[in-house]
Peer 1: 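Just dropping this structure here.
No experiment lies behind these values; they were computed from the predicted model shown. Basis for what follows: all heavy atoms, side chains included, without hydrogens, waters or symmetry-related copies. Naming convention: chains lettered A, B, ... in sequence-line order (proteins, then strands); numbering from 1 in each chain.
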There are 4 protein chains.
Amino acid sequence: MAQNQSSAPDTSRRSERSRRAIYDAALALVAEVGYPKTTIEGIATRAGVGKQTIYRWWSSKADVLLEAFLDLGNQAAEAAGHVPYTIPDTGDLAADLKSVLRATVDELGNPAFEAPSRALAAEGVVNEELGRRFVAQLLGPQLQLYVDRLRTAQETGEVRPDIDPRIALELFVSPLAQRWLQYTGPITYEYTDTLVDYALHGLAPR
Amino acid sequence: MAQNQSSAPDTSRRSERSRRAIYDAALALVAEVGYPKTTIEGIATRAGVGKQTIYRWWSSKADVLLEAFLDLGNQAAEAAGHVPYTIPDTGDLAADLKSVLRATVDELGNPAFEAPSRALAAEGVVNEELGRRFVAQLLGPQLQLYVDRLRTAQETGEVRPDIDPRIALELFVSPLAQRWLQYTGPITYEYTDTLVDYALHGLAPR
Amino acid sequence: MAQNQSSAPDTSRRSERSRRAIYDAALALVAEVGYPKTTIEGIATRAGVGKQTIYRWWSSKADVLLEAFLDLGNQAAEAAGHVPYTIPDTGDLAADLKSVLRATVDELGNPAFEAPSRALAAEGVVNEELGRRFVAQLLGPQLQLYVDRLRTAQETGEVRPDIDPRIALELFVSPLAQRWLQYTGPITYEYTDTLVDYALHGLAPR
Amino acid sequence: MAQNQSSAPDTSRRSERSRRAIYDAALALVAEVGYPKTTIEGIATRAGVGKQTIYRWWSSKADVLLEAFLDLGNQAAEAAGHVPYTIPDTGDLAADLKSVLRATVDELGNPAFEAPSRALAAEGVVNEELGRRFVAQLLGPQLQLYVDRLRTAQETGEVRPDIDPRIALELFVSPLAQRWLQYTGPITYEYTDTLVDYALHGLAPR
DNA sequence: GGCTAAGCGAGACGGTACGTCCTGTCTTGCA
DNA sequence: TGCAAGACAGGACGTACCGTCTCGCTTAGCC
């Protein structure tokens, strides 16, 4: 039961005040000057905190930002009454998916979310460890909602029972993700609507 | 009409030797120590080149790497007899796509390509200008091949004529891209085969 | 007349154990790693003591060391039977001085004394307040012994009565001090013997 | 023929401008805030210079200050017409020495000289390497002047021929040095006059 | 013998400086 | 004039200590 390397800091003595200030500063700086120009020194100064306080609790700039972003999500969820961003089930799968993807399109354009999430995504591409944490803590839970909705659709017969929902969801989610991440195309409601139609009915003639 | 002062170096006098050495050094360093630890100073030293020679011809580390990577692709193409990586047309669309995607799976696992392309993709996520160049010069042409193949399939009736090929290709390409970029799932032949099947025939029962 | 607020710790409750441990740690560290690399944090850790315990009772690193060094001297004196290092009086002033200076030469070469006393001397050069305390508590009493011996010599006629002993002693003490402090020359028995001869009889011919 | 370790900097490319600015800043800061509060960072900022420029050419704060102080002396000498601070020879040794020592008393009280020279002396006490350089480059040459003057005095019969001038000079120089360095007593003209008298004629009755 | 107020070990905190590394610009001498 | 070389001003890195500040825990000394 490893008590790892040199003197783990004492979590119970941790300053909540500083933690919040660091989250706020990190998110603000990433939004204002961009991720690469956001420095640990800058975060510390802006948060009115010693650099060591950051190095004591986080291992890197990306680490700070990931936690800050998660915290932001949690706060938003709490504010919205603990409903953590779900997928409607009106009985019409196509309509439900289109609606959620339209909401996602809106969110992707929201500057407050865009800066930090792009930064984290980029870092994750090149830093596998962070990438996997990003998925485990942020992306994964969201994708799971699609899995659940697709399972329901399989029960009602809207989706073939032999389909793997974890792969199926990528047919409409991944294209949107790629356009957003790599600027491979415009992001519009029509586009996401089309994705849903293509995914549900396929490309081949019936 | 001399456009003098500071800028505009004379391309005709440019040292081919240095350019090659810089490409090689950049690619080698990214592969060896990773993109973030690759520095312009490091590239210059490794290439046996003055820093100014890099700053004279490129605007950033990412810029160097993008050109180096493009050059690498061109060289590979030339070596392979000028066939620039195409999509077969056996008349069986599903088989053709599965075959190409399996080749892509192999390529994504090739360490020589992985390091620089991940680095460029990551940089592109956060740096729109570079991202767009990455798409225009690398990703775009490759996606165009899918567009062409899908058009052919529309002519033979394998794909419905009302389908937009530019969007359709994303149904199987983007999921693979996302799994690779974001570590959202394992990448196997079965996976890509499944993607093609789902994309062509849809999720809904017929 | 309570002098309350923050300051004035209660001396009666002071931990003798900690005080000793701090003295030991300070002297050991100065000897081992040198004065500049000796830190309050290091002393505290080595002494198994909280930093605050040091800051509560001393005002600076130099302060700790000065007390530790004084204590060391007191302990040595106590061990030696309370004779606090005196000057013999055999009736032969020259011989007595030579003998004491030779003993001093030996002491200056003793590593256990050298590290802390050099450190204190150096600090005193640049920090007048500490320098004066160093003189008042350490150097002064030792010089006073020379004053006394010279006074006796004046009574026996070995030294002219119009001589100021406080200045006279410097003729042989200061040169040794300077050679030790500033590395201006080698320190040997012959040297100190010569100093005594020159000082007693002068440089001019008789 | 050692070409030492990692890449010795190219002296011929060195910026004279920066060197001067660094000397000035170092001397000014030591005078204004004291040696311990003088930091390399502070010197760099004040001199309008990058820190690396200091680290490239000097190995420590003390090193910078020593060179700055030597340079200050050289400049003063040059300004005064290349007469590097000498000892008069009027034929009256006592008078000459008293006169020089009185001048030294004045100099020791000069704030512009006091701060840096105290700092260097202190550092030299604790750092033998620097101490020896301090002596070799500053103190030694000055002491040599006394040696020369005493040699002349030996030729004229004012000083006994068997006296070692290098030791003799310490009888009046070292006491002054010690009082200055260690605050062991007041520094006045009477004091230095007395030192000369005692040293020349000894303490014992004739 | 229990209560309470200190000293105590520990160490988190806001800071400052360290010495290193790299950026992007500028200058020097070679080809 | 392009180039290798590298000095320069600047600035961020991650580390080490500073001196202050809480935390619980002993440990007196007074009721």
Peer 1: Tell me whether E32(C) is salt-bridged to R46(C), with the criterion being a basic N under 4.0 Å from an acidic carboxylate O.
Peer 2: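 Yes.
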Peer 1: How long is the line joining OH of Y55(D) and C1' of dG11(F), in whole Å?
Peer 2: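 To the nearest whole Å, that distance equals 14 Å.
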Peer 1: Over how many whole Å does the gap from R17(B) atom CZ to dA31(E) atom P extend?
Peer 2: 14 Å
Peer 1: Select from A44(A) and G50(C) the residue whose nearest nucleotide in DNA chain E is closer to the 5' end of that strand.
Peer 2: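 Its nearest nucleotide lies further toward 5', so the answer is G50(C).
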Peer 1: Between P on dG14(E) and CZ on R14(A), what's the gap in Å once rounded to a whole number?
Peer 2: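 My rounded result for the distance is 11 Å.
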Peer 1: Looking at dC8(F), I'd like to know if its phosphate oxygens (OP1 or OP2) sit under 4.0 Å from a side-chain N or O belonging to W57(D).
Peer 2: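 W57(D) to dC8(F) OP1/OP2: side-chain N or O found under 4.0 Å.
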Peer 1: Would you indicate, yes or no, if dG14(E) has its OP1 or OP2 atom less than 4.0 angstrom from a side-chain nitrogen or oxygen of T53(A)?
Peer 2: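 The answer is yes; a side-chain N or O of T53(A) sits under 4.0 Å from OP1 or OP2.
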Peer 1: Starting at the 5' end of DNA chain F, which residue's closest nucleotide do you reach first, S15(D) or G42(C)?
Peer 2: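 Counting from the 5' end, the first nearest nucleotide belongs to S15(D).
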Peer 1: Please report the distance, rounded to the nearest Å, between CD1 in I40(C) and C1' in dC21(F).
Peer 2: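 Atom CD1 in I40(C) sits about 16 Å away from atom C1' in dC21(F).
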Peer 1: To the nearest Å, give me how far apart CZ (R13(D)) and C1' (dC8(F)) are.
Peer 2: 12 Å
Peer 1: Are R133(D) and E128(D) close enough for a salt bridge, meaning some N to O gap below 4.0 Å?
Peer 2: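 Salt bridge absent between R133(D) and E128(D).
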Peer 1: How would you label the contact of S12(A) with the nucleic acid (heavy atoms, under 4.0 Å): base, sugar-phosphate, or nothing?
Peer 2: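 S12(A): no heavy atom of the nucleic acid under 4.0 Å.
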Peer 1: Which is more 5' along DNA chain E, the nucleotide nearest E41(C) or the one nearest K37(D)? Just name the residue.
Peer 2: E41(C)
Peer 1: Using a cut-off of less than 4.0 Å, is there contact between a side-chain N or O of S18(A) and OP1 or OP2 of dA12(E)?
Peer 2: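 Answer no for this pair, as no side-chain N or O of S18(A) is under 4.0 Å from OP1 or OP2.
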Peer 1: Choosing from dC13(E), dG7(E), dC18(F), which nucleotide comes nearest the side chain of D10(C)?
Peer 2: dG7(E)
Peer 1: Determine the contact category for R56(A): base if any of its heavy atoms lies under 4.0 Å from a base atom, sugar-phosphate if only primed atoms, P, OP1 or OP2 are that close, otherwise nothing.
Peer 2: base
Peer 1: Atom CG of L29(B) to atom P of dC22(E): distance rounded to whole Å?
Peer 2: 11 Å
Peer 1: Among dG7(E), dA7(F), dC18(F), find the nucleotide with the atom closest to the side chain of T39(C).
Peer 2: dC18(F)
Peer 1: Between the base of dC21(E) and the side chain of Q52(D), is there any donor-acceptor pair under 3.5 Å?
Peer 2: yes
Peer 1: Please classify the nucleic acid contact of G48(C) as base, sugar-phosphate, or nothing, using heavy-atom distances under 4.0 Å.
Peer 2: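 It contacts sugar-phosphate atoms only.
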Peer 1: Expressed as a whole number of angstroms, how long is the span from K61(B):NZ to dC21(E):P?
Peer 2: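 Result: 16 Å.
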Peer 1: Can you confirm whether L65(D) sits close enough to Y35(D) that some side-chain heavy atom of one is under 4.5 Å from a side-chain heavy atom of the other?
Peer 2: yes
Peer 1: Base of dG19(E), side chain of K51(D) - is there a donor-acceptor contact under 3.5 Å?
Peer 2: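 It does, because a donor-acceptor pair links the side chain of K51(D) to the base of dG19(E) below 3.5 Å.
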Peer 1: Can you measure I54(C) atom CD1 to dG7(E) atom C1' for me and round it to whole angstrom units?
Peer 2: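 Between C1' of dG7(E) and CD1 of I54(C): 14 Å.
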Peer 1: Determine, step by step, whether I43(A) and T39(A) satisfy the side-chain contact (heavy atoms from CB on, under 4.5 Å) criterion, reporting the C-alpha distance in whole Å, the side-chain angles of both residues, the deciding distance to 0.1 Å, and the verdict.
Peer 2: CA-CA 6 Å; I43(A) 296 172; T39(A) 66; over 6 Å; no
Peer 1: If you assign each of A47(D) and T38(C) to its closest nucleotide in DNA chain F, which residue comes earlier from the 5' end?
Peer 2: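 In this pair, the answer is A47(D).
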Peer 1: How about R19(B) and W57(B): do any of their side-chain heavy atoms sit closer than 4.5 Å?
Peer 2: no
Peer 1: Pair F69(B), L138(B) - check side-chain contact (heavy atoms from CB on, under 4.5 Å), show working.
Peer 2: CA-CA 9 Å; F69(B) 194 62; L138(B) 263 157; 3.6 Å; yes
